[in-house]
There are 2 protein chains.
Amino acid sequence: MGVTDRKEREKTEMKELIRATAMKMFLEDGYAKTSIRSIAEAIEYSPGTIYLYFKDKDELLYEVQGEAYGQLLEVFKREATSTDPLEKLRQVGRAYINFGLQNPELYDLMFIIRAPMNVDEEIHKANGGNCFAFLVDCLNDCISKNLLRLTDLHQASLLIWSTAHGLVSLNLRCRLKIMDQPEEAIPEILIRSMEDYLAAVTI
Amino acid sequence: MGVTDRKEREKTEMKELIRATAMKMFLEDGYAKTSIRSIAEAIEYSPGTIYLYFKDKDELLYEVQGEAYGQLLEVFKREATSTDPLEKLRQVGRAYINFGLQNPELYDLMFIIRAPMNVDEEIHKANGGNCFAFLVDCLNDCISKNLLRLTDLHQASLLIWSTAHGLVSLNLRCRLKIMDQPEEAIPEILIRSMEDYLAAVTI
DNA sequence: CAAATGTAATGAACAGTGTTCATTAATTGC
DNA sequence: GCAATTAATGAACACTGTTCATTACATTTG
């Protein structure tokens with residue numbers, strides 16, 4: 001049945017077109033400022049069409065989230081390559097913070113936005129799982145070799161993630177303005193803070 | 001001029017009524033889900049009236065933020081009373097995390113929401129400044145007595161705030177679901193993580 | 001080929017949102 | 001009592017996500 005094959009293909013192509021367009025627009029303008037109508041206009045279809053391929057705007061967010069997690073994992077694999085466990089951990093930290101600073105809207109929809117995972121947590125576990133696993137692996141090396149002042153693997157993972165996320169998200173939400181630091185100095189401050197933190201918990 | 005006095009009084013009373021109602025509704029339903037119309041309905045006035053007292057919804061947020069920061073500062077003063085600098089620091093950490101867990105919507109509008117301070121940073125500096133100053137003071141005691149593995153006061157303040165904020169905000173946004181922990185165990189995990197963190201940076 | 005079927009796309013409509021502003025109501029000063 | 005000032009209104013505007021009866025098209029059947 002060549003016809004049903006083609007139809008299937010067209011369907012996935014259409015879904016892909018919507019997903020890619022949404023990704024681009026979310027990245028440029030943010031999730032909240034991107035409307036279904038504007039996505040529809042961008043692909044030259046009517047608003048209703050999008051609902052034939054995605055249940056709602058949240059489902060579009062899941063998709064983009066999945067891809068964003070994939071990108072972050074790629075960055076980890078590319079940037080954190082040292083064979084020294086501690087240096088690798090530092091590289092992960094740097095990579096995470098730089099990713100957040102360079103892709104604010106993407107970071108926002110991955111880690112700050114409210115929308116999803118209240119409902120469907122399985123999707124989120126699958127999406128974010130690999131990135132978190134990368135950190136856990138990395139930390140496992142450090143802890144098993146007794147290089148850190150932290151002994152519980154999962155607690156340590158949580159802590160390091162929280163610190164990095166705290167630095168990035170407080171900055172993205174402009175909450176660091178209460179410290180009088182010039183805008184352009186902030187990236188360096190965040191990176192250096194993270195490194196000082198890792199140094200402090202290193203034996 | 002008794003008349004102008006009374007008018008002035010009525011005006012501030014009205015403003016206070018709106019502020020207090022908004023505060024209550026933000027706290028219960030969150031900032032996003034509370035509409036100007038619903039606030040107006042609650043105080044039995046028309047929507048337009050609110051704009052005679054507040055420039056826009058953001059300005060209402062500033063007000064509530066100010067009060068929320070005040071509340072957090074009160075909690076700090078009440079909970080962090082130890083004369084031992086390190087114990088006092090631990091108390092601040094516990095208080096901060098508990099505040100976030102017990103007042104999720106308030107915490108949200110203080111530290112996670114997007115809206116304001118992109119424009120007006122002075123207000124925010126005044127609002128959050130006192131809370132941050134409390135932490136800085138506390139840390140200054142620790143660092144000047146050489147009790148911590150962190151030497152730069154502002155860097156240390158940033159780090160500890162970021163860690164606490166990371167823990168709370170990742171939890172409020174359900175991002176900790178990728179760690180398979182039962183819902184009810186999380187408060188304890190966050191508190192214990194914070195304490196382990198402080199222990200790790202203590203000499 | 002023509003008619004019938006199935007399906008993909010539409011866009012108006014619904015119930016919301018923040019915000020504005022001409023109109024109305026009430027109060028105050030003379 | 002009347003004019004002037006001020007306060008409150010609520011309809012209107014331009015949006016939002018979402019639904020659904022209707023239309024247009026492609027495919028299958030007779």
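These figures come from a predicted structure and were not determined experimentally. Every chain is numbered from 1 and lettered A, B, ... according to where its sequence line falls, protein lines coming before strand lines.
A straight line from NZ of B/K57 to P of C/dT19 spans 8 Å, rounded to a whole angstrom. Atom OH in A/Y53 sits about 18 Å away from atom C1' in D/dT18, given to the nearest Å. Spacing between atom NZ of A/K11 and atom P of C/dT7 amounts to 9 Å, rounded to whole angstrom units. Atom CD of B/E10 and atom C1' of D/dA8 are 13 Å apart (whole Å). The separation between A/L52 atom CG and D/dT22 atom P is 17 Å, rounded to whole Å. One interatomic measurement links the two molecules: CD of A/E8 to P of D/dT27, which rounds to 15 Å at whole-angstrom precision. Distance, A/K55 NZ to D/dT19 C1': 14 Å, rounded to whole Å. If you take OH of A/Y31 and C1' of D/dT16, they are 12 Å apart, rounded to a whole angstrom.
Looking at A/S162 and B/T163, their side chains never bring a donor and an acceptor atom within 3.5 Å of each other.
Qualifying side chain to side chain donor-acceptor pair (under 3.5 Å) partners for B/Q155, counting only residues two or more places apart in sequence or in other chains: A/D196. Scanning for side chain to side chain donor-acceptor pair (under 3.5 Å) contacts around B/S193 gives an empty result, with sequence neighbours left out. Listed by chain and number, the residues in a side-chain contact (heavy atoms from CB on, under 4.5 Å) with B/L148 are B/L86, B/L89, B/L139, B/C142, B/I143, B/V201, B/T202 (sequence neighbours excluded).
Taking the six-membered ring for Trp and thresholds of 30 and 60 degrees, B/H165 and A/H165 have nearly parallel ring planes, at less than 30 degrees apart.
Closest heavy-atom contact between A/K15 and A/F54: CG-CZ, 3.4 Å. Shortest non-hydrogen contact noted between B/A95 and B/F76 is CB-CD2, 4.1 Å.
Of the residues in residues 34-48 of chain A, A/R37, A/Y45, A/S46, A/G48 come within less than 4.0 Å of DNA chain C through at least one heavy atom, sorted by number.
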For residues 17-28 of chain B, run the donor-acceptor check on the side chains, cut-off 3.5 Å, and write out each pair with its distance to 0.1 Å, sequence neighbours left out.
from  : atom 1 : to    : atom 2 : distance (Å)
B/R19 : NE     : B/E16 : OE1    : 3.1
B/R19 : NH1    : B/E67 : OE1    : 2.4
B/R19 : NH2    : B/E16 : OE1    : 3.2
B/R19 : NH2    : B/E16 : OE2    : 2.7
B/R19 : NH2    : B/E67 : OE1    : 3.1
B/T21 : OG1    : B/L17 : O      : 2.6

Can you give the dot-bracket line for DNA chain C, using ( ) for pairs inside the strand, [ ] for pairs that cross earlier ones, | for pairs with another strand and . for unpaired bases, where Watson-Crick and G-U count if both distances are under 3.5 Å? |.||.|||||||||||||||||||||||||
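Looking only at side-chain heavy atoms (C-beta outward), A/L150 and B/Y197 stay at 4.5 Å or farther from each other.
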